[in-house]
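Accompanying notes for the structure given below.
Here is the naming used below: chain letters follow the sequence lines, and residue numbers restart at 1 for every chain. All values derive from a computational prediction rather than experimental measurement.
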Amino acid sequence: MAESTLPKTYDFKATEERVYAWWEEQGFFRPSNDPRKPGFDEAKKPFVISIPPPNVTGELHLGHAMFVAMEDLMIRYNRMKGVPTLWVPGTDHAGIATQLKVEEDILRTEEVTRDELGRDDFLKRTWSWKDKYHGIISKQIRRLGASCDWSRERFTLDEGLSKAVREAFVRLYRKGLIYRGPRLINWSPRLRTAVSDLEVEYSEEEGQLYFFKYRIKDSSEFIPVATTRPETILGDTAVAVHPKDERYKKYIGATALVPILDREIPVIGDEYVDREFGTGALKITPGHDPNDYQIGARHKLPIISVLDQAAQIRAEGGPYAGMDRFEARKTLWADMQAAGLSIKTERYMQRVPRSQRGGEIVEPMISTQWFVTIKPLAEPALAAVDSGRIKIVPEHFTKVYRNWMENIQDWCISRQLWWGHRIPVWYAPDGSMFCAYDEEEARAEAKRTLGKEVELTQDPDVLDTWFSSGLWPFSTLGWPEQTEDLKYFYPTSVLETGYDILFFWVARMIMMGLEFTGELPFHTVYLHGLVRDEQGRKMSKTIGNVIDPLEVMDKYGTDALRFTLLVGSTPGQDVNLSLEKVAANRNFANKLWNAGRYVIGALAAAPKEKTGDLNWTLADAWVWARVKQLTASSNRLFENSQYGEAGRQIYEFFWNDFADWYIEIAKLQLAEGGDRAFKTADLLVRVLDLSLRLLHPFTPFVTEELWTRLKEAALDHSANINPEKNASWPEALIIARWPEPIAQEGWEDFNLRNFAILQNLVRAIRNLRAEKGIKPGQRIIAHLVSQECYNLLEQEKAALTALAQLDPAQLTISKTLKERPENTIPLVSGPVEVYFPLSGLTDPVEERARLERELKEASAQIQRLETLLATDFANKAPAAVVLKEQTRLQGFQSAASSLEEQLKAIGD
RNA sequence: GGGCGAGUAGCUCAGUUGGUUAGAGCGCUUCCCUUACAAGGAAGAAGUCGUAGGUUCGAGUCCUAUCUCGCCCACCA
């Protein structure tokens with residue numbers, strides 16, 4: 001064997017950067033069929049993914065690693081199949097998140113607020129922040145091996161996408177699907193902006209339930225009422241009771257007095273009130289509670305806003321004006337206690353609405369905002385999934401999607417932020433508004449409508465980030481322009497992302513895609529699970545269990561991280577990432593490396609040409625049958641989006657079959673020299689090559705590196721390495737390039753079965769050696785007896801002696817046992833009996849026990865199988881399944897009878 | 001309140017048209033630095049697949065009920 005110059009340990013650090021640069025340099029990430037290039041063929045159907053654009057707020061986390069691994073796998077798989085493939089990269093401006101970060105940053109470093117800085121300056125700072133973090137994140141995405149076409153990279157606030165956003169807004173507006181008006185919305189006092197329902201998260205927190213008296217005017221009577229937010233009492237405009245409530249119905253129509261303020265409000269009857277809960281009477285604050293808002297609307301109650309944008313009490317709150325909401329709560333309650341209006345407080349678990357971004361408690365407030373009328377968009381989007389035109393993987397998310405779509409509410413799209421797409425609406429001094437693509441157009445329209453030139457001011461608000469995200473699959477391809485890219489690459493193929501943004505993003509893309517392009521933006525939605533820590537907890541800075549993917553890659557390599565994420569998960573199911581698993585997969589990469597190293601060395605040492613044609617050995621045929629089986633099942637699994645299972649099977653084949661068995665036998669075959677060595681080297685190369693191809697979508701770096709080296713090694717050799725530049729997927733390759741040299745029907749099964757017999761025999765002998773404490777290097781004498789497998793054993797003598805460490809000089813193989821040798825240890829492995837003349841090691845008592853144990857096991861199996869075969873199983877199960885069981889039964893029967901004989905022979 | 005998912009070896013998890021004796025990694029026991037790999041090799045121990053029924057020749061896999069945990073949606077003051 002030639003000395004290999006490659007290091008014993010795979011150096012992923014040295015490989016990754018170089019290989020990625022090489023890919024980019026070669027243009028591997030560009031679509032093979034590109035409308036921008038000569039020779040474009042529009043008939044070829046492409047495979048397209050739009051990246052879920054990472055926010056420009058921060059750095060890489062495992063969620064990014066997950067989607068890059070998944071999408072890169074899909075992209076590479078399709079690219080290898082020869083499909084023109086495009087993966088569009090890009091980043092998201094992430095309105096609230098980014099603005100918050102920048103605000104914090106300037107406050108910390110320059111001690112100025114955004115208001116002090118002013119809108120223009122603030123935006124300047126934000127753009128430079130964006131430039132910095134965009135650079136970081138896109139470098140990190142590359143580090144993960146993402147094979148996206150960087151020449152087509154987009155940003156949600158770039159010129160083209162901003163144009164798309166304006167176009168979308170104007171179209172919806174003109175269609176009457178966008179309206180503006182005062183509504184009860186979720187208000188984030190710290191960010192001082194509206195947020196959508198989806199951006200509110202509820203947390204279980206212990207609070208107090210305050211019981212107090214609602215006095216009836218001109219009476220000493222009162223209605224007891226409970227609330228969790230006493231400060232909202234200041235905005236009450238009614239007290240509601242159930243119309244059939246015997247306790248309170250007499251008060252309906254009466255006038256109640258708001259505590260402390262003594263404002264007069266009506267007592268009303270409404271079925272919404274739950275008689276069982278609290279006191280059975282409800283205070284109504286239409287200005288600060290969604291349910292009260294609806295009740296208020298039913299009863300035409302006035303709406304009082306008691307909180308301002310910073311959640312401080314407004315003038316309507318009388319003596320409490322100017323107080324913070326929580327301060328007002330305390331003060332008001334104390335005053336009520338003093339006035340004898342309080343009854344009691346109880347500890348109470350409630351769900352507190354908090355802002356997804358800022359984390360502070362959001363307040364329902366009346367505010368003038370922009371909304372999208374969503375029903376007309378949601379209906380076709382729901383139908384698309386229901387009819388199966390869009391397939392969601394895993395399927396059960398279809399129900400989740402439907403559930404949400406059926407109950408969808410109008411979407412509040414305006415945000416009182418600076419960082420984002422400004423709403424394309426201008427106001428005239430008289431208040432009339434003009435929605436247009438730009439100011440010029442708005443001015444013209446204003447002139448037409450108002451009959452004169454007027455000064456216009458643009459709406460100060462920006463759009464919800466998700467509004468632009470909803471356009472992503474087509475805006476990134478040039479929409480609203482009918483670009484070549486849009487025509488060819490749209491609709492995209494698969495949308496891959498985490499299930500946590502199914503509503504935020506996926507649903508909106510489907511709605512907007514249908515609305516604006518008339519087509520579904522993709523045909524498949526693949527939802528991956530969330531990456532959690534080892535114990536299944538969400539990663540969070542406060543728990544301190546955040547795993548940094550960069551550190552993981554530094555320590556174990558990108559391939560190991562990717563393989564762990566891909567193989568450790570199943571669609572839609574959260575994956576608990578443990579570093580131990582990553583380490584195990586780093587070991588796998590190293591295993592690949594060393595197997596590759598061995599094969600390359602073997603190739604170098606083997607003859608360069610063959611002199612004639614040789615038959616395949618059992619091991620050759622077996623490994624080839626296995627690799628074919630593996631290719632077929634990988635194909636099937638890839639087509640069904642079961643990538644994890646495919647990865648597992650490839651891993652097992654490579655390690656347990658190829659490395660542990662075939663390479664070991666190949667060593668013997670190579671040692672024979674001549675054509676046998678030529679052929680073995682050839683097959684080693686082929687199987688390694690195919691394995692690398694199957695693994696490439698999972699672990700692109702190590703496979704690319706090995707493949708390159710393998711090609712180099714094969715240059716002066718007539719072995720069959722594919723000389724094409726790009727690695728293609730094995731499915732077609734096996735058939736086209738490497739036709740099978742074995743012509744007989746059923747050769748795969750035949751060889752798989754025979755090899756299994758050989759493996760079992762070797763294992764049984766090794767087991768016996770271990771039990772008897774025979775030294776690993778010590779060759780032992782064995783007599784093999786088998787009627788059925790005589791030829792097989794004879795033929796595989798060499799492999800057998802080497803693998804089981806038998807003494808070749810004293811090995812005998814016979815069809816029948818003429819005379820049982822003295823002082824032997826017998827062993828039965830399926831159809832083969834083995835006798836070891838190891839008199840020094842025989843202990844008749846021990847032997848008897850062992851044989852009896854084996855016989856007992858065999859008898860149990862015979863019993864089980866006989867029973868099974870006596871049932872309807874024999875008639876109803878498929879013939880192949882029945883045959884299998886019958887064969888097994890025969891095996892156990894022959895084993896049992898020879899065990900019995902041996903027991904007899906051993907005597908007492 | 002509605003919906004969804006999970007419960008398989010000590011731990012973390014695979015297991016998709018129902019079909020051998022249910023698998024992997026880590027951990028554990030014994031042996032081995034054998035010329036691809038000690039990030040390795042060989043042998044081994046370890047599970048009544050949450051529980052109870054049902055369908056079927058056959059159920060971890062399908063159906064029903066039930067328990068436990070988790071998530072999402074709706075938000076009863």
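Separation of the P atoms belonging to G54(B) and A46(B) is 31 Å when rounded to the nearest angstrom. A gap of 14 Å separates the C1' atoms of C11(B) and G47(B), to the nearest Å. Between A39(B) and G44(B), the distance separating the two P atoms is 24 Å to the nearest Å. Annotation: A52(B) and G60(B) have their P atoms spaced 13 Å apart (nearest Å). When the C1' atom is used for both C63(B) and U55(B), the distance is 7 Å, rounded to whole Å. For U34(B) and U20(B), the C1' atoms lie 35 Å apart once the distance is rounded to whole Å. Using C1' as the reference atom, C32(B) and G70(B) are 45 Å apart when rounded to the nearest Å. Taking atom P in both C49(B) and G10(B), one finds a spacing of 13 Å when rounded to whole Å.
Shown here are the side chain to side chain donor-acceptor pair (under 3.5 Å) partners of S633(A), two or more places apart in sequence or in another chain: Q649(A). Remark: D554(A) pairs with R143(A) by the side chain to side chain contact (heavy atoms under 4.5 Å, CB included) rule, at least two apart or across chains. Judged as a side chain to side chain donor-acceptor pair (under 3.5 Å), and not counting sequence neighbours, T497(A) has no contacts. Annotation: side chain to side chain contact (heavy atoms under 4.5 Å, CB included) contacts of L883(A) (sequence neighbours excluded): Q886(A), T887(A). Under the side chain to side chain donor-acceptor pair (under 3.5 Å) criterion, N656(A) pairs with no residue at all, not counting sequence neighbours. Annotation: side chain to side chain donor-acceptor pair (under 3.5 Å) contacts of Q642(A) (sequence neighbours excluded): none.
We find that NZ of K775(A) is positioned 12 Å from P of C31(B), with the value rounded to whole Å. Between Q573(A) atom CD and U8(B) atom P there is a gap of 13 Å when expressed in whole angstrom units. At whole-Å resolution of the value, CH2 in W593(A) and P in A36(B) are 16 Å apart. The separation between L710(A) atom CG and A36(B) atom C1' is 14 Å, rounded to whole Å. Taking atom CG of L502(A) as the reference point, atom P of G3(B) lies 18 Å away to the nearest angstrom. Atom C1' of nucleotide U17(B) and atom CD of E639(A) are separated by 16 Å, given to the nearest angstrom. Rounded to a whole Å, the CD atom of Q778(A) is 15 Å from the C1' atom of U34(B). In this structure, CD of Q805(A) is placed 19 Å from P of C31(B), rounded to the nearest angstrom.
For the salt bridge (Lys or Arg N to Asp or Glu O under 4.0 Å) condition, the pairs that include at least one residue of residues 225-242 of chain A, sequence neighbours left out, are R229(A)-D289(A), R229(A)-E363(A), E231(A)-R329(A), D236(A)-K283(A). Sequence neighbours left out, the pairs with a member in residues 559-583 of chain A that pass salt bridge (Lys or Arg N to Asp or Glu O under 4.0 Å) are D72(A)-R562(A), R532(A)-D574(A). Residue pairs that meet the salt bridge (Lys or Arg N to Asp or Glu O under 4.0 Å) test with at least one member in residues 864-881 of chain A, sequence neighbours left out, are D872(A)-K876(A).
Put simply, the side chain of K591(A) and the base of C37(B) share a donor and an acceptor less than 3.5 Å apart.
Residue-level contact check: Q409(A) touches neither bases nor backbone, having no heavy atom under 4.0 Å from any strand. Among the protein residues, D500(A) comes within range of no part of the nucleic acid, since none of its heavy atoms lies under 4.0 Å from any strand.
Screening R354(A), R351(A), R347(A) against E205(A) for a salt bridge (charged side-chain N to carboxylate O under 4.0 Å, His left out) leaves a single residue, R354(A).
Close to G3(B), at under 4.0 Å from its OP1 or OP2, lies no side-chain N or O of K399(A). An OP1 or OP2 oxygen of A36(B) is reached within less than 4.0 angstrom by a side-chain nitrogen or oxygen of K667(A).
Searching all strands for a Watson-Crick or G-U wobble partner of C62(B) with both distances below 3.5 Å returns G54(B). A 3.5 Å limit on both hydrogen-bonding distances identifies no Watson-Crick or G-U partner for U48(B). Pair check for U68(B) finds A6(B); Watson-Crick or G-U wobble, both atom distances under 3.5 Å. Across all strands shown, A24(B) forms a Watson-Crick or G-U wobble pair, both distances under 3.5 Å, with U12(B). U34(B): no Watson-Crick or G-U partner with both key distances under 3.5 Å is found in any strand.
With hydrogens and angles ignored, the 3.5 Å screen pairs no side-chain donor or acceptor of T237(A) with any backbone N or O of L301(A).
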(request) Show your working on ring-ring contact (aromatic ring centres under 6.0 Å, His included) between Y214(A) and F212(A) and close with a plain yes or no. (result) CA-CA 7 Å; Y214(A) 242 109; F212(A) 65 99; 5.6 Å; yes

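Within the cation-pi definition used here (under 6.0 Å to the ring centroid, within 45° of the axis), K667(A) qualifies as a partner of Y598(A).
The listed nucleotides are A39(B), A36(B), G19(B); the one nearest the side chain of T9(A) is A39(B).
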Just the atom pairs and distances: protein N or O near nucleotides 43-49 of chain B's N or O, under 3.5 Å.
unit_1, atom_1, unit_2, atom_2, d
G44(B), OP1, N767(A), ND2, 3.0

(request) At under 4.0 Å between heavy atoms, which parts of nucleotides 64-77 of chain B does protein reach? Answer with one letter per nucleotide, 5' to 3': B base, S sugar-phosphate only, - none. (result) --------SSBBBB

(request) Quick one, give me the B/S/- string for nucleotides 20-25 of chain B, reading 5' to 3', where B means a protein heavy atom under 4.0 Å from the base and S means that only happens at the primed atoms, P, OP1 or OP2. (result) BB---S

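If T570(A) and A659(A) are placed on RNA chain B by their nearest nucleotide, the residue sitting closer to the 5' end is T570(A). Of the two residues near RNA chain B, N594(A) and W655(A), the one whose nearest nucleotide lies more 5' is N594(A).
Taking the six-membered ring where tryptophan is involved, the planes of F654(A) and F588(A) are perpendicular, since the angle between them exceeds 60° and thus also 30°.
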